[in-house]
Protein chains: 2
Amino acid sequence: MDAPVSRPLPLRARAEDQRTQPEAGPVPTIVLSPEQRTLVAGIAQSVQVSAKTVIYGQGTHAEMVFLVRKGLVRITHQLEDGRSQVLAFHWPGDPFGLFENDAYLNEATALTDCELERFRLSDLRDLFTKDPQLQSAFLIGAVAELRMNQRHLLLVTHRPILKRVAGFVIECCRQPECYNASTGILTLIMDRSDIADYLGTTVETVSRALGVLENRKLIMRRDARHVHPDLTGLKRLLISPEAEATGRIDIPSLPLSPRCP
Amino acid sequence: MDAPVSRPLPLRARAEDQRTQPEAGPVPTIVLSPEQRTLVAGIAQSVQVSAKTVIYGQGTHAEMVFLVRKGLVRITHQLEDGRSQVLAFHWPGDPFGLFENDAYLNEATALTDCELERFRLSDLRDLFTKDPQLQSAFLIGAVAELRMNQRHLLLVTHRPILKRVAGFVIECCRQPECYNASTGILTLIMDRSDIADYLGTTVETVSRALGVLENRKLIMRRDARHVHPDLTGLKRLLISPEAEATGRIDIPSLPLSPRCP
DNA sequence: CGGGGCCTTGAGCGACCTCAATAAGCGTGG
DNA sequence: CCACGCTTATTGAGGTCGCTCAAGGCCCCG
């Protein structure tokens, strides 16, 4: 699929400017004009959920679509074999609520206290017939989401874990909600196991990879959840010709120094 | 994102019935009513491309959206580090042509001789304002594509390669174009390296995995490109509790027989 | 101070990748 | 028809990245 309307509409639902983000390209966001905003407000229902609440479960009956206003939402798919995969993190401005045959395909969980907007599907459909432009906004949103998904897939198939983690850090820095561009501090809102499940690996490996990145001075860690990334360095790592990126995580990078007695 | 209109519209662009497919759930398909069909025909341009032709290159200027009529199209993303990832295979009825900032994000290649339909973006946009229902169809298409993408991601993160390959075979069997439900013969149109790049692995590993599946009687191979899958068995493998699926590919499955002298 | 989350670190092993050789399919031309 | 080359697929052997299991810090809160 594709974006039939290539340029976003006037007003953004999302917090601030994104042109300043590294790795440009719109984040999945429903963008509405002021009129549409009021139109939508008529059918929107505001919801507050506290951290660690399940917003909807995988396979449950679907009749609502959501929009993040504040906070962070995690989309997880529980695999039949027990493992679980984090499919996405949704930030303010992002829509979510993918379903099929009236059942949600995944589970949505609030990672922080969240403020959400909720739409009944039938209402939304009605509104679409009244204002095709609104539907257009949703189409663009869907396509943006699609791009994000492909990006995610590409990240996960980067075999060397170091690259995956590097890519993840870069992605996070595109979110103004957790990356303070002026201080250069990135706040990791999700825990290690969320990151691991997002990248298709394990907590231990994520931890080790972050350690290596720190050794290589590609990130500096204030604490486990606050890092100062060297974005250009990380990007260089990402596009590096595999060899240097394969950087064995195991070897604690003892240089060639012959062991001094 | 989500499907604001949950039920497909009357007429399918796609070949035949899909309810009979294993693992139901709509394949990404633009579904149009007869009127929409004629409406769209006004701006559609029919294109023939022969096998192995690049339809558009990654990063090239995007102004067209495509729809597969006949044949198979492969979407590939070339990674900066040299590797390449197959993002999707598109069958008759599927739209493609994802872009961002007027540049195609990926490369589209015809794997077989193809018959395509081509739309200029601006034309399509105009048509959307005239017939919002048409836009609705495209929205549904985008959402369907999104589901496929998530499915793909889940497949690829299934770590044990055996499961990935099993899942791939099952997916293929959902395509009436290559799976003959009556004979039970599946024709693999793509070559091993396409499969490998789709699953995020290597040709050798795909080859070995197929070998194991054959040993386990989960598939029978007429030749390299024609297999007779045991769908229920494969599905059982997919949901199996990891242990048995980890089936070491290496060991040529010499049973426990103590070596007879 | 003790307990329970998180995160990190360690040691060992195994699934998969890599590289390399062999085999099978297929068209072309003698 | 077979010889020849080219592409595609399979098979083999060895090395290694990342997983597993297990122990040890760190931090918060009672």
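Numbered from 1 within each chain, the chains take letters A, B, ... in sequence-line order. In this text, all values refer to a predicted model and were calculated from it rather than measured experimentally.
Residue Arg208(B) places a side-chain atom within donor-acceptor reach of the base of dT18(C), judged by atom type and a 3.5 Å distance cut-off alone. Donor-acceptor pairing under 3.5 Å, judged by distance alone, is absent between the side chain of Glu204(A) and the base of dC19(D). Arg192(A) contributes no side-chain N or O that forms a donor-acceptor pair with the base of dT9(C) under 3.5 Å.
Closest to the side chain of Asp191(B), from the set dT8(D), dG18(D), dC6(C), is dT8(D). Between dG18(D), dT18(C), dC6(C), one nucleotide has an atom nearer to the side chain of Thr205(A) than all others, and that is dG18(D). Candidate nucleotides dC6(C), dT9(C), dA9(D) were compared by shortest atom distance to the side chain of Ala224(B), and dA9(D) ranks first. With distances taken from any side-chain atom of Pro160(B) to the nucleotides dC16(C), dT11(D), dC6(C), the minimum falls on dC16(C).
Nucleotide dC7(C) holds its C1' atom 18 Å from the CZ atom of Arg222(A), rounded to whole Å. For the pair Met190(A) CE and dC6(C) P, the interatomic distance rounds to 15 Å; values are reported in whole Å.
The side chain of Thr202(B) contributes an N or O atom lying less than 4.0 Å from OP1 or OP2 of dC17(C). Taking side-chain N and O atoms only, Arg225(B) has no distance below 4.0 Å to OP1 or OP2 of dT8(D).
Residue contacts shown for Arg164(B) are absent, as no nucleic acid heavy atom lies under 4.0 Å away. Nucleic acid contact for Arg221(A): sugar-phosphate only, since backbone atoms but no base atoms lie under 4.0 Å from a heavy atom of the residue.
With 3.5 Å as the limit, one finds no donor-acceptor pair spanning the side chains of Gln58(B) and Thr60(B).
The backbone N or O of Ile189(A) sits less than 3.5 Å from a side-chain atom of Arg225(A), completing a donor-acceptor pair.
Minimum heavy-atom separation, Arg83(B) to Thr157(A): NH2-O, 2.7 Å.
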Salt bridge (Lys or Arg N to Asp or Glu O under 4.0 Å) between Glu115(A) and Arg69(A), intermediate numbers included
CA-CA 5 Å; Glu115(A) 194 181 316; Arg69(A) 288 249 136 265; 5.8 Å; no
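Across the interface with DNA chain D, nearest-nucleotide mapping of Leu210(B) and Thr201(A) shows Leu210(B) to be the residue nearer the 5′ end.
Centroid-to-centroid, the aromatic rings of His90(B) and Phe66(B) stay 6.0 Å apart or farther.
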